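From a predicted model like this one, the values you see are computed outputs, not experimental measurements.
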Amino acid sequence: MKSFTTPEFWDLYAALPPEAREQAKKAYRLGRENQFHPSLHFKKVGDNLWSVRVSRGYRALALSRGEDYY
């Protein structure tokens with residue numbers, strides 16, 4: 001799996017509180033090792049839309065195109 005970000009993602013990421021950014025980094029590293037790690041609650045929520053838990057209060061969304069995620 002390859003993942004890509006958009007400029008809008010980085011704008012929104014920068015606007016997060018520092019604690020949420022750290023949690024997002026941790027979730028990303030965990031997801032790189034095992035995208036289906038139970039703590040991430042990675043699940044399909046649409047035809048090509050996925051949701052992953054960053055923390056109790058934050059989730060990230062990804063669009064899939066084949067094996068790639070945006």
Side-chain angles (χ1 to χ4, degrees):
M1 168 186 72
K2 295 179 195 173
S3 64
F4 303 91
T5 59
T6 63
E8 182 183 24
F9 167 85
W10 290 113
D11 291 340
L12 295 169
Y13 176 81
L16 290 172
E19 183 178 300
R21 286 194 305 266
E22 285 303 314
Q23 291 168 331
K25 286 180 197 177
K26 182 179 175 184
Y28 178 77
R29 285 191 292 267
L30 185 59
R32 292 290 293 174
E33 293 174 17
N34 176 6
Q35 72 183 31
F36 296 108
H37 190 280
S39 70
L40 296 176
H41 297 266
F42 197 73
K43 62 182 177 180
K44 194 168 188 174
V45 293
D47 288 337
N48 63 344
L49 185 64
W50 292 80
S51 174
V52 62
R53 177 184 287 173
V54 171
S55 69
R56 269 195 131 165
Y58 292 94
R59 295 191 72 77
L61 296 175
L63 292 173
S64 62
R65 292 186 181 155
E67 294 295 316
D68 296 338
Y69 292 87
Y70 298 85

Engineer: Would you name the heavy atoms of L16 and Y58 that are closest together and state the gap between them?
Structural biologist: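 Closest heavy-atom pair between L16 and Y58: CD2-CE2, 3.5 Å.
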
Engineer: Could you give the distance from CG (L12) to OG1 (T6), rounded to the nearest 0.5 Å?
Structural biologist: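 Taking CG in L12 and OG1 in T6, the distance rounds to 7.5 Å.
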
Engineer: Is the ring pair F36/F42 parallel, tilted or perpendicular, if the boundaries are 30 and 60 degrees?
Structural biologist: perpendicular

Engineer: Output every pair passing salt bridge (Lys or Arg N to Asp or Glu O under 4.0 Å) with a member in residues 38-60, not counting sequence neighbours, ordered by first then second residue.
Structural biologist: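 Matches after skipping sequence neighbours: none remain.
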
Engineer: Which of parallel (below 30°), tilted (30 to 60°) and perpendicular (above 60°) describes W10 and Y13?
Structural biologist: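 Ring orientation of W10 relative to Y13: perpendicular.
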
Engineer: Nearest 0.5 Å please: distance from the CG atom of L40 over to the CG atom of L30.
Structural biologist: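 If I round to the nearest 0.5 Å, the distance is 4.5 Å.
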
Engineer: Check V54 against A27 and note the closest heavy-atom contact, atom names and distance.
Structural biologist: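 Reported closest heavy-atom pair: CA-CB, 4.2 Å.
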
Engineer: With sequence neighbours excluded, give me every salt bridge (Lys or Arg N to Asp or Glu O under 4.0 Å) pair touching residues 12-27.
Structural biologist: E22-K25

